K.L.:
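Supplied in structure tokens, the structure appears directly below.
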Amino acid sequence: MITFLQNVLDALSLGSLYALTALGIGLIFGVLKLINFAHGDFITFGAYALIIPSSADVAQVLVGGWSWELLIPTVCIAVIAIALASDYLVFRPLRGASPPTLMAASFALSYVIQNAIMVIYGARPKSVNLWPVLGDQTHVGPLTIPNLNLVTIAVTLALMVGMTIVLRRTSVGIQMRAAAEDFRMARYLGVRADLVIGLAFVISGALAAVAALLLVAQTGSLTQTMGQPIALFAFIATVVGGMGSLAGAVVGGFVIGAIVIMFQAYLPPDLRAFRDAFAFAFVILVLVAKPSGLLRAKGLVERV
Amino acid sequence: MLKVEGLEVRYGRLTALRGVSLHVERGETVCLIGPNGAGKSTLFACIAGGVSATHGSVTLDGKRIAGRRPEQIARSGLSLVPEGRNIFKTLTVEENLRLGAFMAKDRESIQARLDEVMAHFPRLAERFRSSAGSLSGGEQQMLAIGRALMTGPRIMLVDEPSLGLAPKIVDQVYEILMSLRDEKALTLLINEQSSKRALRHANRIYVLRSGEMRLEGRAEDLQDGEAVMRAYFGFDERREVGEAAQ
Ligand SMILES: Nc1ncnc2c1ncn2[C@@H]1O[C@H](COP(=O)(O)OP(=O)(O)OP(=O)(O)O)[C@@H](O)[C@H]1O
Ligand SMILES: [Mg+2]
């Protein structure tokens with residue numbers, strides 16, 4: 001029972017990371033019908049923003065050494081900047097292009113960001129010790145919980161609640177939901193395309209920044225491809241949850257997190273190395289049973 | 001107030017509109033009729049900025065709007081109720097309505113518009129907090145019109161308001177449209193499948209077929225319906241346009 005509860009906490013923590021990332025991907029998909037594979041590289045970029053650019057083997061922290069009140073906004077601004085720049089330089093010229101074209105462009109962007117990081121920072125992994133206090137554990141009765149897990153879950157929950165309030169209660173939020181459902185109709189009603197798209201990249205960038213910080217705190221290392229596996233799982237989460245549904249992206253993120261952790265914990269030891277393969281097989285089963293995802297998106301039609 | 005001249009629209013190799021001209025004067029109700037695939041929805045979408053033209057001009061009160069973005073056109077006082085309504089199903093009725101009014105600045109004017117729409121559509125007031133996806137077809141049509149009204153338009157383009165609705169509901173929709181015309185002096189351009197209905201409600205009629213304007217005339221001059229039928233089905237291609245317009 002105790003181990004099971006420990007596993008549940010691990011699942012929630014991993015699911016949180018996937019959910020944050022899936023939400024960032026889902027938001028951009030909702031508004032632009034763009035599956036942004038560079039989202040993982042936004043995360044990588046946010047992680048590298050902590051250190052001084054140099055190809056030396058030992059990383060010198062700059063932003064990473066600041067107090068969290070300064071560090072978090074700075075990393076958010078850095079990632080938001082690259083997200084907006086990506087939109088301006090890559091996706092804006094392709095407005096109206098087909099989804100496959102957009103997706104190919106995002107692959108190219110992903111590759112460019114990764115290589116730029118490699119050129120500037122060198123190809124070797126670097127270690128960064130961010131927020132060592134999160135490495136401690138808290139004891140709750142018989143449970144031993146890593147502080148990082150608690151923080152990850154709490155931060156994700158807070159962001160979800162915040163996002164929900166923004167999307168439900170504010171004028172821009174309602175405009176974003178409308179645009180995600182039927183972009184053209186929203187524009188016929190005077191909703192500004194630039195505002196909605198810009199805001200989607202801002203929120204998506206901020207979510208990537210938070211994911212980056214949580215990831216660095218967890219792994220303590222930087223590599224040029226560190227954001228990719230999360231982005232891949234998060235992308236699958238958006239599909240499982242129902243492409244185009246924001247709530248679906250979050251649910252999908254937690255489902256994938258739970259699947260991965262539970263396979264890790266309960267598969268026979270010999271098979272644990274194939275955990276991801278089992279997880280993907282499970283995803284395929286879900287999609288066979290519910291091809292449009294767990295939470296079906298309602299507004300995916302576009303025509304005159 | 002609205003003037004379309006020599007409009008051409010293409011989808012790839014298909015030319016959906018060829019040299020189409022049309023005008024709507026302030027306070028008028030104009031009906032556009034034509035068979036399926038004639039290009040009526042394309043014309044409406046193009047006027048509202050959702051589809052771009054390869055040739056021609058569209059002006060609203062003398063100002064060029066062709067080539068402008070849909071949101072800019074909406075802000076200059078033209079509102080489109082598209083074919084199939086395009087209700088935001090994941091939003092509530094209230095959110096759908098408010099969405100139309102975000103360009104209005106102050107709360108009071110938004111509330112005033114909301115009250116006015118409620119007065120015209122009591123059914124929407126009853127379903128105010130429901131999900132818009134749960135509305136019936138007729139209610140969705142009312143919501144689409146109400147939502148367009150929230151933008152505070154001077155001219156409203158309504159694409160096939162009768163699509164998929166029972167005749168009794170269609171009558172209700174027209175009753176509301178006509179009361180809006182009378183009370184708010186709203187200028188209307190309506191795409192209507194039934195020429196009978198068009199002749200009953202419109203001041204003037206246009207007939208579009210295969211991407212070309214075949215007939216224009218005052219409703220009172222076309223009441224026997226024969227010229228309209230000929231233009232609609234294309235039995236006689238000779239100069240009806242000039243004849244009926246005199
Ligand atoms: N998005 C699109 N891409 C390609 N072709 C299109 C598109 N929309 C419409 N068409 C084509 O353009 C022509 C005109 O279509 P449109 O929808 O404007 O006709 P309509 O008069 O509104 O017809 P209906 O009475 O059936 O609504 C048709 O041949 C249609 O197949
Ligand atoms: Mg049509």
Side-chain angles (χ1 to χ4, degrees), chain A residues 26-27 29-31 92 95-98 163-199 241-251 292-293 295-304, chain B residues 9 11 16 39-52 68-92 94-105 107 110 131-133 144 147-153 156-157 159:
Chain A
L27 211 54
F29 177 80
V31 176
R92 186 167 298 195
R95 291 276 193 274
S98 68
M163 283 272 293
T164 308
I165 292 173
V166 168
L167 288 172
R168 301 252 150 222
R169 295 266 174 270
T170 67
S171 133
V172 280
I174 297 173
Q175 293 183 51
M176 287 206 67
R177 278 161 60 216
E181 188 176 330
D182 185 341
F183 198 43
R184 185 183 309 187
M185 187 61 229
R187 298 184 72 182
Y188 282 147
L189 293 168
V191 170
R192 283 181 213 269
D194 291 343
L195 172 83
V196 169
I197 294 172
L199 200 65
M243 205 78 211
S245 155
L246 296 181
V250 173
V251 171
S292 53
L295 274 67
R296 195 170 51 90
K298 288 176 191 152
L300 284 179
V301 272
E302 248 198 303
R303 259 209 111 179
V304 169
Chain B
V9 173
Y11 296 113
K40 306 178 296 294
S41 298
T42 302
L43 176 58
F44 277 33
C46 183
I47 293 171
V51 170
S52 48
R68 289 222 249 152
R69 297 153 177 241
E71 57 263 41
Q72 293 174 317
I73 295 173
R75 282 157 199 266
S76 58
L78 183 145
S79 196
L80 170 69
V81 181
E83 185 174 25
R85 359 268 193 223
N86 293 39
I87 289 301
F88 299 106
K89 296 195 169 74
T90 58
L91 273 56
T92 64
E94 175 181 9
E95 286 168 339
N96 267 276
L97 290 171
R98 285 194 183 277
L99 197 62
F102 283 140
M103 30 190 193
K105 286 203 176 56
R107 275 169 185 280
I110 295 178
S131 146
R147 186 179 59 179
L149 278 178
M150 291 295 290
T151 67
M156 195 156 86
L157 275 54
D159 195 350

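Just so it is clear: chains get the letters A, B, ... in the order the sequence lines come, proteins before strands, and each one is counted from 1. The analysis underlying the following values was restricted to heavy atoms, covering all of them including side chains, and did not include hydrogens, waters or symmetry mates. Model, not experiment: these values are computed from the prediction.
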K.L.:
Using non-hydrogen atoms only, which part of B:Arg98 is less than 4.5 Å away from chain A: side chain, backbone, both, or neither?
P.N.:
neither

K.L.:
For each of B:Ala74, B:Pro70, B:Gly49, tally heavy-atom pairs with chain A at distances under 4.5 Å, and name the one with the top tally.
P.N.:
B:Pro70

K.L.:
Report the distance from atom CD of A:Glu181 to atom CG of B:Asn96, rounding to the nearest 0.5 Å.
P.N.:
8.0 Å

K.L.:
Donor-acceptor pair, A:Arg187 side chain versus A:Ala193 backbone, under 3.5 Å?
P.N.:
no

K.L.:
Applying side-chain hydrogen bond (donor to acceptor under 3.5 Å, both in side chains), can you list everything that pairs with B:Arg75, at least two apart in sequence or on another chain?
P.N.:
none

K.L.:
When only pairs under 4.5 Å are counted, which of B:Leu80, B:Leu99, B:Thr151 shares the most heavy-atom pairs with chain A?
P.N.:
B:Leu99

K.L.:
Specify the closest pair of heavy atoms between B:Ile87 and B:Ala132, including all atoms of both residues, with the distance to one decimal.
P.N.:
CG2-CB, 3.4 Å

